[in-house]
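Read through the structure below, which is laid out as structure tokens, and then see the notes.
Positions are given from 1, in the same order as the sequence printed here. These numbers come from a predicted model, not from an experiment.
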Amino acid sequence: MKRLLLLLVAFAVFAACDDDPIDYSTWTTEELLATPGGVDYLIDTAAPIDYAAIEEELETMVFDPYYFFVYDDRDGWYDSQDSWDGPMDLGTYVVVNDAVRHGFMLDYFMDYRTPEGERVQYAYREKKFTGDRLKAVLDFFGGKIKARIEHTLVVEEYDRYDRRWLYLVRLTDNREEVLQQYRYNWDDLIPYKPVI
């Protein structure tokens with residue numbers, strides 16, 4: 001009986017340890033960005049966001065979403081790696097004059113061609129805007145910036161199912177490469193159907 005009682009006490013102590021809050025203050029930035037709880041910690045402890053600086057950076061830099069976490073009431077948190085589609089191509093966003101371009105990879109199983117017949121894997125959609133670049137990018141992408149950690153923005157969005165999305169977005173200095181990779185306008189492409 002004593003052994004059973006000791007086993008129950010040990011189990012209770014172990015279970016109580018599991019309920020202790022995680023001390024995120026001891027984690028590195030990379031570790032924090034790898035978990036939804038760590039991202040929430042970064043949101044809560046981040047310095048105020050300098051929106052004007054981000055607005056200025058978007059003149060020459062690329063808004064590059066690279067990872068997400070989403071909370072579903074039924075399944076809890078999952079991320080880009082757990083997505084039903086596998087790792088998602090979130091595309092990139094770049095400001096070109098008075099428009100925001102969203103560059104994205106085309107469906108792997110579809111065959112799209114230019115009017116000249118060239119096969120295309122990447123394209124862009126474009127939205128015109130006036131005024132603030134940051135507002136235009138966020139209007140196209142969706143969501144609200146909750147924190148900035150060095151060159152990473154944390155963008156939060158609630159979808160129509162009231163699921164919470166946390167996107168990690170890099171501001172990158174590869175504008176020319178992005179414009180070269182996503183050089184075809186989606187509206188100009190033709191779905192290709194081979195003649196059999």
Side-chain angles (χ1 to χ4, degrees), residues 28-36 38-70 79-80 83 85 87-107 112 114-116 118 120-160 163-189:
T28 67
T29 301
E30 292 76 25
E31 290 169 332
L32 291 167
L33 288 171
T35 67
V39 173
D40 271 334
Y41 173 80
L42 287 170
I43 290 171
D44 292 341
T45 59
I49 301 164
D50 186 349
Y51 294 100
I54 299 169
E55 154 72 13
E56 189 174 319
E57 288 173 272
L58 285 173
E59 185 174 3
T60 59
M61 297 189 82
V62 174
F63 184 93
D64 183 20
Y66 68 94
Y67 208 78
F68 69 78
F69 300 98
V70 61
D79 62 25
S80 297
S83 170
D85 293 323
M88 286 184 71
D89 172 33
L90 298 170
T92 59
Y93 295 77
V94 62
V95 176
V96 180
N97 300 321
D98 63 345
V100 176
R101 285 188 184 178
H102 171 218
F104 58 97
M105 190 166 111
L106 296 170
D107 186 331
Y112 290 93
T114 64
E116 296 75 34
E118 181 183 349
V120 175
Q121 253 185 312
Y122 300 94
Y124 69 85
R125 288 190 175 102
E126 193 171 74
K127 281 191 179 181
K128 300 281 187 190
F129 75 95
T130 56
D132 188 283
R133 287 182 287 267
L134 178 57
K135 181 180 181 328
V137 169
L138 289 173
D139 286 348
F140 202 166
F141 178 73
K144 178 181 179 185
I145 297 176
K146 299 299 283 184
R148 179 177 188 162
I149 296 42
E150 298 163 9
H151 287 290
T152 300
L153 305 177
V154 178
V155 178
E156 179 184 65
E157 176 187 30
Y158 286 87
D159 66 17
R160 62 184 173 160
R163 294 179 302 179
R164 182 179 182 219
W165 294 73
L166 293 172
Y167 294 96
L168 304 181
V169 179
R170 288 182 286 245
L171 294 178
T172 60
D173 192 13
N174 61 338
R175 179 185 175 85
E176 293 310 313
E177 292 169 34
V178 166
L179 291 175
Q180 182 60 31
Q181 182 175 11
Y182 303 104
R183 63 184 182 273
Y184 298 105
N185 189 325
W186 165 257
D187 295 331
D188 298 333
L189 298 180

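For Q181, the side-chain contact (heavy atoms from CB on, under 4.5 Å) partners two or more places apart in sequence, or in a different chain, are Y122. With sequence neighbours excluded, the residues that form a side chain to side chain donor-acceptor pair (under 3.5 Å) with E118 are Y184. Every side chain to side chain donor-acceptor pair (under 3.5 Å) that T114 has, sequence neighbours left out, goes to E116. With sequence neighbours excluded, the residues forming a salt bridge (Lys or Arg N to Asp or Glu O under 4.0 Å) with R148 are E57, listed by chain and number. Under the ring-ring contact (aromatic ring centres under 6.0 Å, His included) criterion, Y124 pairs with no residue at all, not counting sequence neighbours. Partners of D159 by side chain to side chain donor-acceptor pair (under 3.5 Å), not counting sequence neighbours, listed by chain and number: R163, W165. Qualifying salt bridge (Lys or Arg N to Asp or Glu O under 4.0 Å) partners for E56, counting only residues two or more places apart in sequence or in other chains: none. For A147, the side-chain contact (heavy atoms from CB on, under 4.5 Å) partners are I43, A46, I149, V154, not counting sequence neighbours. The side chain to side chain donor-acceptor pair (under 3.5 Å) test applied to K135 returns D139, not counting sequence neighbours.
In this structure, L33 CG and F69 CZ are separated by 8.0 Å, a value rounded to the nearest 0.5 Å. Taken from CG in L32 to CG in L42, the straight-line distance is 4.5 Å, to the nearest 0.5 Å. Separating the OH atom in Y182 from the OG1 atom in T92 is a distance of 4.5 Å, to the nearest 0.5 Å. How far NE2 of H151 is from CG of L153: 10.5 Å, rounded to the nearest 0.5 Å. To the nearest 0.5 angstrom, D79 atom CG is 11.5 Å from L166 atom CG. A distance of 9.0 Å separates CZ in F63 from CD1 in I54, rounded to the nearest 0.5 Å.
Counting heavy atoms from C-beta on, the side chains of F104 and R125 come closer than 4.5 Å. Side-chain atoms of K144 and E156, non-hydrogen and from C-beta on, never get closer than 4.5 Å to each other.
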Pair L171, L58 - check side chain to side chain contact (heavy atoms under 4.5 Å, CB included), show working. CA-CA 8 Å; L171 294 178; L58 285 173; 4.1 Å; yes
Evaluate the side chain to side chain contact (heavy atoms under 4.5 Å, CB included) criterion for residues T172 and V178: first the C-alpha distance (whole Å), next the side-chain angles of each, then the deciding distance (0.1 Å), finally the verdict. CA-CA 10 Å; T172 60; V178 166; 5.6 Å; no
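A ring-centre distance under 6.0 Å is not found for F129 and F140.
Among residue pairs with one or both ends in residues 39-50, those qualifying as side chain to side chain donor-acceptor pair (under 3.5 Å) are D40-R164; sequence neighbours excluded. Applying the salt bridge (Lys or Arg N to Asp or Glu O under 4.0 Å) test to residues at least two apart or on different chains, the pairs with a partner in residues 94-106 are D98-K128, R101-E126. Pairs of residues two or more places apart, or lying in two chains, that qualify as salt bridge (Lys or Arg N to Asp or Glu O under 4.0 Å) and include a residue from residues 167-181 are D64-R170.
Partner of Y93 under the side chain to side chain contact (heavy atoms under 4.5 Å, CB included) criterion, out of V169, V100, L138, V62: V100 alone.
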